[in-house]
Asker: 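First the structure, then my questions, so here it is.
Just the heavy atoms: all of them, side chains too, but no hydrogens, waters or symmetry mates, feed the values below. This is a predicted model, so every value here is computed, not measured.
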Amino acid sequence: MPLADDSIAVVGTACRFPGSVNRLDDLWAVLAASRDMVTEVPADRFSTADFVDPVRRRPGHSYTAAGGFLDDVTGFDGSFFTGISPREASRMDPQQRLLLEMAVEMLDDAGVDPEGMEGSDTAVFVGCSSRDYGDLQAASPEAGNAYTMSGTAGAIVANRLSHYFDWHGQSVAVDTACSSALTALHQACEHLRAGRSRAVVAGGINVLLNPQIFAGFSNASMLSPTGRCRPFSAQADGFVRAEGGGLVLLKRLTDARADGDRIHAVIVASGANNDGRTPGLALPSSTAQQALLREVYHAAGLVPDDVAYLEAHGTGTPAGDPLEAEAIGRVLGRGRSRDALPIGSVKSNLGHMEAASGMAGLFKAMLVLRHRQVPATLHASTLNPHIDFDDLNVRPVTRLEPLDHPGLALAGVNSFGFGGANAHIVLADPEPVSNIQNRASEPKSDRQRKLPVVVSARTPEALTAAAERLAQQLQFTPEGDFYDLAYTSTARRGRHEHAACVLATDPQEAAEALLALAEGRTDGPAAAVTVPERSGNLAFVFSGNGSQWAGMGADLLQHEPAFAAAVSAVDAELRPLLGWSVGEALAEGSRGLERTEVAQPLLFAVQAGLVALLREYGVEPDAVVGHSVGEIAAAYAAGCLDLQQACQVVAVRSRAQAATAGSGRMAAVGLSAREARKELAAFDGRLELAGINSPSDVTIAGTPEALAELGRQLSARGTFFKELDLDYAFHSRHMDPVQRQILQPLRALRPQPGRLPFASAVTGGVLGGEQLDADYWWRNVREPVALPTPSRHWPTAGVARSSRSGPTGCCPPTCGACSRPVPRMPPCVETPTAPWRCGAPRPPSSRLAPVPAVVASPGRAASCHCLRTRGSMNGSGTARPTGGPTFLRTRHSYTRCSAVGQRWPNPPGTSSSVRPGYRG
């Protein structure tokens, strides 16, 4: 059966359920193991000694303390939600806080960058009935502040999400009691089908804070005195309250497919109605439930045989279970030609989450379709004798069993409110079982290339935790799923201020690298970066003479085919011009680097290799700039020069400058250009300004004697001065004798406009590629280096980040020896071939893969486009988003319900006592 065009895709999920169930995988582990997560009221909620009496029923008391509880409702990740102050968070209903955290996790699970949804028509529908937090804050009105009303108003559970994420679609809190979440989901589906939004967030939330609500349900004899939900059991005696929540991100199926989303399940039909008048408001109507089921399945063109499983409302009440079983059997059971319809209820595992209960049922049904197994409904070893299951042709599943349904399987989900509001959802597995089997049999890719895996967080501490959690997931990730995980982490998730990236060929290698990174070890293909939050493009900054070191690129030649291929291509062009091989020289350790005719060709070869390597991993610049000889690699990367032309410029430039060896020297000086010119005036042309590296750092070139004298003068005044280890006076009059040797061979040069903005270190602005002729390259040799300022000279390129590309991350000739940080360049991510810094010993190995730091850079989530276009490692031909740990969970406790020691209202017939302050 093909899925209809108006079907709704579930593309993202998040949950918080009792028993530390925070992901769908956690929920499946509970279900598959038939675990019961019901416990008793935690000590930090309220005193059970004051509000619970299991022996006799009294007003204001509950006869049970049983319930399904979350591990923590006081915590909130304030470091992540930076726009919410601790003062505001303390007055926010925990339901609002939990929804915010789940919304982030839902987007992470969907592989959606929150920034991409800002300002969109995304709508929000959230089911919520609990007003516990507001009621308890009202017990101490003197503690209220400006945030109390917005923190406790019912509508804000939905509006809070719309406000924080800047979503402009309809935002509605839905309260139909225990069917709130599934009713909200139905309304979300209708909203999408009507074309009112392109994406909708739907779900439900419930927390248990007020002991009087337990007492109220006990007065109505709705709660189980034995403390367990026993759906369809002979021992069914009521329900057990529980708390939790869940969210889903929904899109029309056609849009989800077009966006390349992973689809958890497809909602093929939904509906809602009401019981109308019954003998009592809280008594359900089987007739109304039957009418809803008939309407939903008939409208979708479905028949009973299409349904493989039905997740019942199944609270375990003596009145509700028989009526629901009758409705299911009359509509979907008796009309089947197959075996009896399997039914069950997740409330036997978790308890009844009331307004949020529909989300637990929805997720269980999704997992049944995903795993092709039906978990047991607990506590139903003896079935209710008042329900004729054989006649109704329905069967409660009491042990884990396979889902026997070939082809496309459907699952229904019931949810009923005690005021008569009913909702039903019909789910389909997006992939029929035959397709799943075919996919599993596909051969694995034989290409063992390294892939980037990225984690990101708002703080360094959260980044460490995120790396550890992802490492744990990777340890259990099948090798065939590794490509999809790398694709999701790199290209589909939002990027925060702190990020880290590792390169690996398989999940185990990635896990080990992430654990090493979390432990502070950076001796592998990994990098962590911190870049100020600023959106924009990426520029490659190519370092100049002085960044080279013996051994550079040697390991990359051995281990990175893309790098080796690019160097080989450079070698093929340069060998006839130089009479020696740059490839062989790099492999042998780059001897003779003190000679500029050796250093410049090798430097260009390494930079060309790095550009190719980054491109292989999907990282490409949006603009380029080079420092001195680095401008040749920049022009090549921008497409202004082809490889043959770039190699010609390198050969001509380096050979000509070789003749100037011994004529002068250079030094890095901590002065502005204006200050430097004043100092140089006294030297009568013997010293010249050779480079402006920042507003407070310059390079000086001239005779050795004059440089030494300047150094003595500046050092005496405490001004930074460092003579460089270069036997040349580049960018000065000492280059004048070789002007003809540069201009004449390059007269035939015909540069092209280029495909990227080229920021000139000669003019300080952006130049067209066609201007990079022979005259330009002479000016590149003779005139001072003037690195352009992106904010002033690159406005059309939108550059906000730079990647320094070269054997080290610095921009020589100062080679990291500047007197203070360089503010002219945008926030920088370094891509050296080894983690060497000026002043440290040269590294024994030349290999630190340059990709991780660039890929991890905030704002570059879209840079790894190769992970979108290359075939998946599992052989399916496409990369699919996959779930993974979210980047939250640096949680802090926020307390505010009443002041510690505040006297709470006491149940009738009890003495006044001091209550501990509730931590909410």
Side-chain angles (χ1 to χ4, degrees), residues 13-31 35-42 44-45 66-76 93-106 109 126-133 157 161 173-175 177-185 201-210 213-214 217 228-229 239-248 311 313-316 345-367 375 378 413 415 417 886 888-889 891 920:
T13 65
C15 66
R16 291 282 198 285
F17 294 148
S20 301
V21 173
N22 297 318
R23 299 176 57 210
L24 294 195
D25 288 346
D26 299 337
L27 178 58
W28 181 249
V30 167
L31 296 173
R35 295 168 59 193
D36 184 343
M37 310 313 296
V38 173
T39 56
E40 291 195 342
V41 176
D44 66 349
R45 298 303 176 90
F69 293 93
L70 299 179
D71 293 337
D72 176 24
V73 296
T74 72
F76 182 61
D93 191 321
Q95 296 175 125
Q96 295 182 24
R97 303 183 209 149
L98 289 167
L99 285 168
L100 280 171
E101 292 187 350
M102 285 192 290
V104 173
E105 296 172 8
M106 172 200 69
D109 180 71
V126 175
C128 179
S129 293
S130 172
R131 303 293 184 267
D132 288 14
Y133 196 63
V157 293
L161 298 182
V174 177
D175 184 358
C178 301
S179 62
S180 297
L182 219 63
T183 300
L185 187 64
V201 174
I205 187 68
N206 191 53
V207 293
L208 308 179
L209 309 179
N210 191 340
I213 307 301
F214 281 82
F217 280 121
R228 290 295 182 271
C229 286
F239 70 87
V240 175
R241 301 190 74 202
E243 64 187 6
L247 287 177
V248 290
E311 174 67 14
H313 185 60
T315 56
S345 174
V346 71
K347 294 176 180 66
S348 68
N349 303 91
L350 305 177
H352 182 16
M353 283 182 281
E354 299 167 358
S357 62
M359 298 310 296
L362 174 78
F363 290 152
K364 178 184 173 183
M366 287 168 47
L367 291 169
L378 307 184
V413 183
S415 191
T886 190
L888 295 176
R889 306 285 179 80
R891 306 180 90 227

Asker: With heavy-atom distances below 4.5 Å as the criterion, would you say the side chains of Glu311 and Met366 are in contact?
Answerer: no
Asker: Looking at Leu70 and Pro18, what are the two nearest heavy atoms and their distance?
Answerer: CD2-N, 3.9 Å
Asker: Testing the basics here: between Ala242 and Gly351, what is the closest heavy-atom pair and its distance to 0.1 Å?
Answerer: CB-C, 3.7 Å
Asker: Decide side-chain contact (heavy atoms from CB on, under 4.5 Å) for Met359 and Cys15; before the verdict, give the C-alpha distance in whole Å, the side-chain angles of both, and the deciding distance to 0.1 Å.
Answerer: CA-CA 8 Å; Met359 298 310 296; Cys15 66; over 6 Å; no
Asker: Give a yes or no on whether the backbone of Phe239 and the side-chain of Thr315 come within a donor-acceptor separation of less than 3.5 Å.
Answerer: no
Asker: Looking at residues at least two apart in the chain, or sitting in another chain, which of them share a side chain to side chain contact (heavy atoms under 4.5 Å, CB included) with Ser129?
Answerer: Asp175, Ser180, Ala355
Asker: Going through the distances and angles, do Glu105 and Leu247 end up as a side-chain contact (heavy atoms from CB on, under 4.5 Å)?
Answerer: CA-CA 9 Å; Glu105 296 172 8; Leu247 287 177; over 6 Å; no
Asker: Walk me through it: do Phe76 and Leu100 pass the test side-chain contact (heavy atoms from CB on, under 4.5 Å)?
Answerer: CA-CA 9 Å; Phe76 182 61; Leu100 280 171; 4.0 Å; yes
Asker: Answer yes or no: is there a side-chain heavy-atom contact under 4.5 Å between Val21 and Arg16?
Answerer: no
Asker: How long is the straight-line distance from CZ of Arg241 back to OG of Ser130, given to the nearest 0.5 Å?
Answerer: 7.5 Å
Asker: If I compare all heavy atoms of Asp132 with all of Leu209, which pair ends up nearest, and what's the gap?
Answerer: OD2-N, 2.9 Å
Asker: Quick check: do Asp26 and Phe17 have side-chain heavy atoms less than 4.5 Å from each other?
Answerer: no
Asker: Step by step, would you call Leu31 with Val346 a side-chain contact (heavy atoms from CB on, under 4.5 Å)?
Answerer: CA-CA 8 Å; Leu31 296 173; Val346 71; 3.9 Å; yes
Asker: Hey, could you give me the CD/CD distance between Glu354 and Glu243, rounded to the nearest 0.5 Å?
Answerer: 10.0 Å
Asker: Which atoms form the tightest heavy-atom contact between Gly19 and Met37, and what is the distance?
Answerer: CA-CE, 3.4 Å
Asker: For residues Tyr133 and Val207, determine if any side-chain heavy atom of one lies less than 4.5 Å from a side-chain heavy atom of the other.
Answerer: no
Asker: For Thr13, is there any backbone N or O sitting under 3.5 Å from a side-chain donor or acceptor partner on Asp109?
Answerer: yes
